[in-house]
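Below you'll find the structure, written out as C-alpha cells, and then a few comments.
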Amino acid sequence: MNSSKLRFTTGMLLRMGADAVMVNAALLTALALWFMALVITQDGANAGVIFRSMLDHFTSAAWPLTLVCLVLFYFSGFYTYGRAYQSRYKALIVTQAVTQGFLAFGFLSSFFGGAGGGFMLPRSALVLAWLFSLLLLVGSRVWTTLWVKIVSPERAAIEAKRGRERTVLVIGGAGYIGSALLPKLLDKGYRVRVLDLMIFGDEPVERILNHPRLEIRRGDFRHVEQVAEALAGVDSVVHLGAIVGDPACNLDEELTIEVNLTATRMIAELAKAAGVERFVFASTCSVYGATTETLDERSIVRPISLYGHTKLASERVLLDMATERFAPTVLRFATIYGLSGRTRFDLVVNLLTAKAKIEGKITVFGGEQWRPFVHVDDAALAVSTVLEAPQAVVANQIFNVGSNDQNYTIQEIGELVHQCVISADLILDKGDGDRRDYRVNFNKIRNLLGFAPRWTVRQGIQQVLDAIANGDVSDYSDPRYSNVKFLREKKSVARDNWAQELVRVIASQ
Ligand SMILES: NC(=O)c1ccc[n+]([C@@H]2O[C@H](COP(=O)([O-])OP(=O)(O)OC[C@H]3O[C@@H](n4cnc5c(N)ncnc54)[C@H](O)[C@@H]3O)[C@@H](O)[C@H]2O)c1
C-alpha cells in the first residue's frame with residue numbers, strides 16, 4: 001500500500017467494477033458446472049431443487065466473496081496509483097492476491113457460513129470459481145499488456161508517418177534539467193515551447209536560442225493567462241518548474257506551496273481542459289524521506305521536508321486527475337550531478353568536486369546517509385524516453401529515475417571525489433548532515449522503458465573537474481549556481497512581497 005489513506009478515483013472504481021464482474025462471472029460459471037454435474041449424476045432427479053440451491057449459493061456467496069477479493073486486491077496494489085505490476089511478475093502477484101481472496105473467503109465461510117442462511121459454497125464450486133477467477137483476472141491483465149505492446153507502437157508509427165510535428169511545452173525549461181532536455185527534444189524533431197521566468201538569465205539556453213523550432217516565453221507559471229496562452233497547440237507538457245531543494249523551499253513556505261503545489265494543480269487543470277494528453281511531472285526521490293529499506297515506486301513515502309511534501313502532494317493531485325485522455329507520468333529523480341546549461345553547485349557531487357579542486361578540501365557531513373544519483377543528461381534522457389514511450393505504458397505511472405548501481409552513501413561520494421582529486425583532504429564530520437537517507441530501486445524504468453543511465457558518478461566528477469580546469473566554471477560559490485543563495489539574495493531586495501519583487505528584478509535583467 002502506498003499511503004495510509006484510502007483514496008478512490010474514477011479509474012480505480014472502474015477497474016474495481018471490472019474485477020467484481022469477473023469474480024462474479026467465475027462464481028456463476030463454477031456453480032453452473034456444479035449444478036450440471038449434480039443433475040447428471042442424479043439422472044435429472046431433483047433438478048429443480050438443485051437449481052434453486054445453486055441460485056441460493058450464488059446470491060448468498062457473491063457479495064462476501066466480491067468484498068473480500070476487492071479489499072485484498074486493493075491492498076495488493078491493484079488499484080493504487082503506485083501499481084507497478086506491468087512486469088513479468090504481474091501474473092504472479094495477481095495469482096497470489098486471487099488465491100488469498102479465495103482462502104480468506106473459505107476461512108470466513110467456515111466460521112459464518114454454516115446452515116441457516118450462511119454463505120458456505122460446495123468445495124468443488126469454490127475451487128472451480130477460484131480457477132476461473134484466476135483465468136479471467138490474469139488473462140485480462142496479460143491481454144491489456146499485449147494490447148499496449150502491439151497496438152500503441154503501431155499507432156505511434158502511423159502518427160510519425162503522417163509527419164505530424166509534436167509540440168512540447170517545457171515549464172521551467174531554462175533550469176538545470178531543462179537546459180539539458182531542450183537540445184534533446186529539438187534533436188528528436190519536436191517543436192519546443194518554454195515557459196520560464198528565466199530567473200537564472202538567458203545563459204542556460206543561449207546555445208539554442210535561435211533554433212527555428214524553439215520558442216521561449218518569459219513568464220510566471222503561477223499566472224493563469226500566461227499558462228493558458230503557452231498551452232495553445234501543445235500536445236505534451238513537461239513540468240520542471242519549481243522552487244527546488246530543501247533549503248530554498250524553507251526560505252518562504254507560503255511561496256513554496258504556491259509555486260510547487262498550487263500552480264501545478266492549476267497548470268494540470270488547464271492542460272487537461274486544453275486536451276493535452278501527456279503530462280510529465282518532475283518529482284523527486286526526496287519523497288521517500290529517511291528509511292533503511294530499498295524503496296521502489298510502491299513503497300511507503302514519508303517526506304521529511306516541505307520540498308518533499310509539496311512534490312508528493314503534487315504527484316497525488318496529478319494522478320487523481322488521470323483519465324483516458326489525460327495521462328500524467330511522475331518522474332522521481334535521484335539527486336542530480338554533472339554539467340548542463342545551468343549547472344548547480346548546491347548538489348553534493350558537484351559541490352564536493354568543486355571544493356576538492358578549488359579549496360583542496362572535501363568535507364563530508366554525517367556520511368552514512370544513502371542517496372541515489374543520476375547525471376543531469378540522463379535525467380533529461382529519461383524525460384524524452386517517457387515522451388517517446390507508448391502512452392498506455394507511461395499513463396498514470398510513477399518512475400524512479402536513476403540506476404540501482406548509483407546508490408551511494410555520502411561518504412562513498414566523498415571517497416570517489418577523493419580518488420579523482422587525490423591531493424585534497426577528505427574530512428569526515430560525523431556531526432549533523434542532511435537527514436534524507438534512502439536507497440532506491442530503479443527496476444521499473446529499466447524493465448518497462450529500457451532506460452539505463454549513460455553516465456557514472458566518476459565520469460560526472462571528471463566532467464566537473466574538466467570544466468574547472470578549462471575555466472568554464474570559475475567561481476562555483478557564485479549565487480547563480482545555488483538555488484538557496486540566489487533566492488536568499490533576491491529575497492533581501494524586498495522583504496514585504498519578495499515574490500513580486502523577484503519577478504520585477506528578473507524582468508529587468
Ligand atoms: N536537480 C535535482 O537534483 C533534482 C532532483 C530531483 C527532482 N528535481 C526536480 O526537477 C525539476 C527541475 O529541477 P532543476 O534542478 O532543473 O531546477 P532549477 O531550479 O534549475 O530550474 C527550475 C526552473 O523553474 C523556473 N521557475 C521557477 N519558478 C517559476 C515560476 N513561478 N514561473 C516560471 N518559471 C519558474 C526557474 O526559472 C528555473 O529555470 C524540479 O521540479 C525539481 O523539483 C530536481
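As the structure lists them, so they are numbered: ligands from 1, and atoms in each ligand from 1. Values below: every heavy atom of this structure, side chains too, minus hydrogens, waters and symmetry copies.
When Phe333, Phe200, Tyr307 are checked for heavy-atom proximity to atom 42 (C) of ligand 1, Tyr307 turns out nearest. Closest heavy-atom approach to atom 44 (C) of ligand 1 among the candidates Thr284, Ile177, Val287: Ile177. Selection from Ala242, Gly172, Gly241 by nearest heavy atom to atom 27 (C) of ligand 1 gives Ala242.
Tested against Val280, the residues Val168, Leu387, Val170, Leu318 include a single side chain to side chain contact (heavy atoms under 4.5 Å, CB included) partner, Leu387. Looking at Lys184, Glu388, Arg213 one by one, the single match for side chain to side chain donor-acceptor pair (under 3.5 Å) with Tyr190 turns out to be Glu388. Each of Gln459, Gln463, Gln406 was scored for a side chain to side chain donor-acceptor pair (under 3.5 Å) with His375, with one residue passing: Gln463.
Atom 5 (C) of ligand 1 has its closest protein heavy atom at Ala334 O, 3.5 Å. The shortest contact between atom 3 (O) of ligand 1 and any protein heavy atom is with Ile336 N, 3.1 Å. Given atom 34 (N) of ligand 1, the protein heavy atom at minimum distance is Leu197 N, 3.0 Å. With hydrogens left out, the protein atom closest to atom 37 (O) of ligand 1 is Asp196 OD1, 2.5 Å, a heavy atom. Of all protein heavy atoms, the one closest to atom 40 (C) of ligand 1 is Leu240 O, 3.1 Å. For atom 31 (N) of ligand 1, the closest non-hydrogen atom on the protein side is Asp220 OD1, 2.9 Å. Shortest contact from atom 32 (N) of ligand 1 to any protein heavy atom: Phe221 N, 3.0 Å.
Residues forming a ring-ring contact (aromatic ring centres under 6.0 Å, His included) with Tyr476 (at least two apart in sequence, or on another chain): none.
Between His239 and Phe281, the two ring planes are tilted [angle within 30° to 60°]. Using a 30° and 60° split on the angle between ring planes, Phe345 and Tyr481 fall in the perpendicular class, above 60°.
Using modelled atom types, one finds no donor on one side chain facing an acceptor on the other under 3.5 Å when comparing Asn400 with Asn441.
A heavy-atom distance below 4.5 Å is not found between the side chains of Ile243 and Tyr307.
Under a 4.0 Å criterion applied to the non-hydrogen atoms of Asn483, ligand 1 contributes the atoms 19 (O). Every atom of ligand 1 is numbered from 1 in the order shown, and the set under 4.0 Å from a heavy atom of Tyr176 is 1 (N), 14 (P), 15 (O), 16 (O), 18 (P), 20 (O). Listed by number with element, the atoms of ligand 1 under 4.0 Å from a non-hydrogen atom of Arg342 are 18 (P), 19 (O), 20 (O). Applying the 4.0 Å criterion to heavy atoms of Ala282 picks out, from ligand 1, the atoms 9 (C), 10 (O), 11 (C), 41 (O). When each atom of ligand 1 is checked for a heavy atom of Met198 under 4.0 Å away, the hits are 37 (O). Per-residue contacts place Leu347 under 4.0 angstrom from the following atoms of ligand 1 (heavy atoms of the residue considered): 1 (N), 3 (O).
Only the side chain of Arg344 comes within 4.0 Å of ligand 1, counting heavy atoms alone; its backbone N, CA, C and O stay farther away. Contacts with ligand 1 closer than 4.0 Å are made by side-chain heavy atoms of Val244 only, the backbone lying farther away. Residue contacts with ligand 1, taken as heavy atom pairs separated by less than 4.0 Å, do not involve Arg332 at all. Here Ser283 has backbone heavy atoms under 4.0 Å from ligand 1, and that is the only part of it that gets that close.
Heavy-atom separations between Pro204 and ligand 1 are all 4.0 Å or longer. Not a single heavy atom of Ser179 sits under 4.0 Å from any atom of ligand 1. Using a 4.0 angstrom heavy-atom cutoff, Gly219 counts as in contact with ligand 1.
Tyr288 places a side-chain N or O within 3.5 Å of a backbone atom of Asp296 that can act as its donor or acceptor partner.
The residues Asp320 and Arg265 are annotated as not salt-bridged, no charged nitrogen and carboxylate oxygen being separated by less than 4.0 angstrom.
Annotation: Asp187, atom CG; neighbour count of heavy atoms from other residues, nucleotides and ligands within 6.0 Å is above 12.
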